[in-house]
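Note that the structure is predicted; figures quoted are calculated from it, not measured. Chain naming here is simple, since letters A, B, ... match the order of the sequence lines and numbering starts at 1 in each.
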Amino acid sequence: MTDVLVCVKRVPDFSGEVLLTEDAQSADARFVGYTMSNHDQCAVELGVQVAAATDGQVTVLSIGTADSVEQLRSALGVGATAAVLVEADPVALGPADVAHEIAQVVSERDYGLVLLGNDAADSGDFQVGIRLGHELSRPVVTGVQTLSVDGDTVSARADGPDGREKYSVPLPAVVTVMEGGVEPRYPTITGRMKAKKVEVENRSLSREPVGSGRVKLTLPPPTPTNAEVLGEGPETAKVVVDLLQKLGVTR
Amino acid sequence: MILVYVETSAEGIQEVSLETVTFARTLSEAGNGVPIDAVVVGPAPNDLSTELASYGVRNVHHASGDDFDLFSGAATASAVIAARQVAGSVVVMAGGTNRGNEVVARVATRLDVPMAANVVSFHGLSPFVVTRQVVGGAALEEMRLGKRPAVFSVAGHAVEPVPAETPGAGSIVPLAVDLAPEDLLGRVTSVEGADTDDADSLKSARVVVGAGRGAGGPDGFGDVIELAELLGGTLGVSRVVTSLGWRPHHEQVGQTGSRISPEVYIPCGISGAIQHWAGCASSKVILAINTDAEAPMMTKATYAVVGDMHEVVPAINEEIRRRRG
Ligand SMILES: Cc1cc2nc3c(=O)[nH]c(=O)nc-3n(C[C@H](O)[C@H](O)[C@H](O)COP(=O)(O)OP(=O)(O)OC[C@H]3O[C@@H](n4cnc5c(N)ncnc54)[C@H](O)[C@@H]3O)c2cc1C
């Protein structure tokens, strides 16, 4: 039986242009809404798979504003059975703070496996999982796309520079997940009903945060636009091939 | 003293690592020429010394042996920390690959200092402030690295790799590392090799035909592959395509893939996110094909065709074949 803790973050749902808040301390999501990043969704999926295969349970944890309950509920809707919210202003926290708060929860309970997204879609720190593993004295594997648990060992696969890498790590362990290995499932109606009933455990920060070192956010200068539109649809094929001939890449 | 974790594979030094050494030189100049050392962990290519020397590296600390044949993040971090002790470095950096980010994150964690991921520039040395990519590169963060050593990764393809005017010695210095048993717990047990020759042909291709999410699925690449063949070129894809497993990673163009510089790049169904742009910006001519005339790739390209790639690309292929008779 492997009990899994999956850590998820509420992040702005940007697909296009990003706006900043007036104090330049965070991205302004008022017009785009919030979501859970793809890496986190895949972490939830892997957690649910491992728990199902080993008769374990999945607890989902988020550190952030009270609204992060929305992301916790969506994980509860696909198979997590308990949820913890550490309420805090995310702007005040750095990666070491986030890792420290997760470590508090893990050390009070017996989660054999802790899963996190490899990097957060907004702050992009690439280190919370590693700091967590260090604090808990557990091995960490990063960038994992698929995994399974057999007894006291987690077998994981990741995309490395030389190909598909296999890891085999003793539990308890920390694993950070990258999208691409699994398709996150959609919540069923019964899943959603169950999710509503689960009481979310509320906690507050265990210590004064050290912060992230952020001075301010800025937006990159826009790239100049100068595209010449050749036309619309398949009719442009002739113009395109004329161009390719002119450029000397086809006869 | 600046220490750069240099990633190598059987083929040689990773381009992103050479970019990072180039970045390190601007830092060195700002610091009145402090020397740059490299640390290499595991099997290394034969020309390691000459290549790093040409980039201005003084010493190359090399950890080798059975324990380092297969990657372990913790063991690699131990090697980097050992090299830092030998070299007395106040800055430790790596390329912003998954591996580079992991290694510097481990180093920073063990030394109890902050780590900045995907840095693009720095301002002033004390306090040491860096600018780095956040929100997937759509925004930048100014971040203060208040403790020493300053530990960070450099965003892939944020700088061009340029050899130094004055080469360094590039002396290989064998590195002794005291590994703890737990350093080898999270270690790669096997690697299923990808064909890395293909990535090389992408980097040197005269024509690259790109395909992104617009391809629609693993079966949506037939036409773009045909166009690439007709033009004597190569297929390049976006990260969405490799993440979804539609195409192999060695075909990926961008910050965490290859940087291409063809005569002509033809991205089809690729939105042109900043991380993709990082890998294709040095193409001479970009001809974008996309249903969305407002997609960043369409406005940044040299030429744009508005339309469904599954209609436009076959029509182009047909026209090329017709003209060839
Ligand atoms: C740290 C980090 C590193 C990254 N590294 C990379 C990298 O190396 N390379 C990379 O590519 N990305 C990278 N990304 C991801 C990047 O941010 C984008 O998510 C990705 O490039 C988007 O891929 P896409 O353009 O294929 O998909 P989308 O952004 O979804 O765009 C699909 C495009 O296809 C168009 N389209 C849809 N259907 C059709 C059709 N039938 N015909 C024509 N057009 C159509 C749409 O209009 C849209 O413009 C990275 C992200 C992060 C955070």
Where on [X] is there a heavy atom nearer than 4.5 Å to chain A: the side chain, the backbone, both, or neither?
X         : answer
Ala108(B) : both
Asp308(B) : neither
Arg187(B) : backbone
Val130(B) : neither
Glu141(B) : both
Ala74(B)  : neither
Thr189(B) : both
Ile266(B) : side chain
Val285(B) : side chain

Among [options], which residue has the highest count of heavy-atom pairs closer than 4.5 Å to chain B?
options                                    : value
Ala99(A), Ala227(A), Gly180(A)             : Ala227(A)
His134(A), Lys216(A), Glu183(A), Glu235(A) : Lys216(A)
Thr176(A), Val154(A), Leu217(A), Val169(A) : Leu217(A)
Val141(A), Val210(A), Val140(A)            : Val140(A)
Gly231(A), Gly124(A), Gly143(A)            : Gly231(A)

Given heavy-atom pairs under 4.5 angstrom as the criterion, report whether the side chain, backbone, both or neither of [X] touches chain B.
X         : result
Pro139(A) : side chain
Pro170(A) : side chain
Gln245(A) : side chain
Val240(A) : side chain
Ala96(A)  : neither
Thr218(A) : both

Check whether any side-chain N or O of Arg323(B) sits under 3.5 Å from a backbone N or O of Lys238(A) as a donor-acceptor pair, and report yes or no.
yes

Donor-acceptor pair, distance only, cut-off 3.5 Å: does the side chain of Gln127(A) make one with the backbone of Met115(B)?
yes

Between [options], which has the largest tally of heavy atom pairs under 4.5 Å with chain A?
options                                    : result
Arg144(B), Met309(B), Met298(B)            : Arg144(B)
Val188(B), Val134(B), Ile316(B)            : Val188(B)
Gln133(B), Met143(B), Lys284(B)            : Met143(B)
Thr299(B), Leu140(B), Val312(B), Val135(B) : Leu140(B)
Ala117(B), Gly137(B), Gly307(B), Ser153(B) : Ala117(B)
Arg110(B), His249(B), Glu263(B), Gln14(B)  : Arg110(B)

Can you tell me if [X] has over 12 outside heavy atoms packed within less than 6.0 Å of its [atom1]?
X         : atom1 : answer
Asp23(A)  : CG    : yes
Asp242(A) : CG    : yes
Asp89(A)  : CG    : yes
Gln104(A) : CD    : yes

Quick check on the structure: residues of residues 287-297 of chain B within a heavy-atom distance below 4.5 Å of chain A, by number.
Leu287(B)

Take Asn118(B) and Phe126(A) through the test side chain to side chain contact (heavy atoms under 4.5 Å, CB included) and record every step on the way to the result.
CA-CA 9 Å; Asn118(B) 291 322; Phe126(A) 291 82; 3.4 Å; yes

Have Thr250(A) and Arg324(B) got a donor and an acceptor in their side chains that come within less than 3.5 Å?
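Their side chains do contain a donor-acceptor pair, which is all the 3.5 Å distance test asks for.
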
Closest contact, heavy atoms only, Leu20(A) versus Ala139(B)
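Between these two residues, the closest heavy atoms are CD2-CB, 4.4 Å.
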
I need the minimum non-hydrogen distance between Ala105(B) and Ile130(A), along with the two atoms involved.
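Ala105(B) and Ile130(A) have their closest heavy atoms at CB-CD1, 3.7 Å.
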
What distance do [X] atom [atom1] and [Y] atom [atom2] have between them, rounded to the nearest 0.5 Å?
X         : Y         : atom1 : atom2 : answer
Tyr303(B) : Leu244(A) : OH    : CG    : 10.5 Å
Glu165(A) : Ser190(B) : CD    : OG    : 9.0 Å
Leu185(B) : Ser137(A) : CG    : OG    : 11.0 Å
Asn98(B)  : Asp159(A) : CG    : CG    : 8.5 Å

salt_bridge(Asp162(A), Arg99(B)) N-O dist < 4.0 Å:
no

Check this for me: does any side-chain nitrogen of one of Asp125(A) and Arg132(B) sit under 4.0 Å from a carboxylate oxygen of the other?
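Yes.
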
Of Arg157(A), Lys166(A), Arg164(A), the residue whose pairing with Glu192(B) passes salt bridge (Lys or Arg N to Asp or Glu O under 4.0 Å):
Arg157(A)

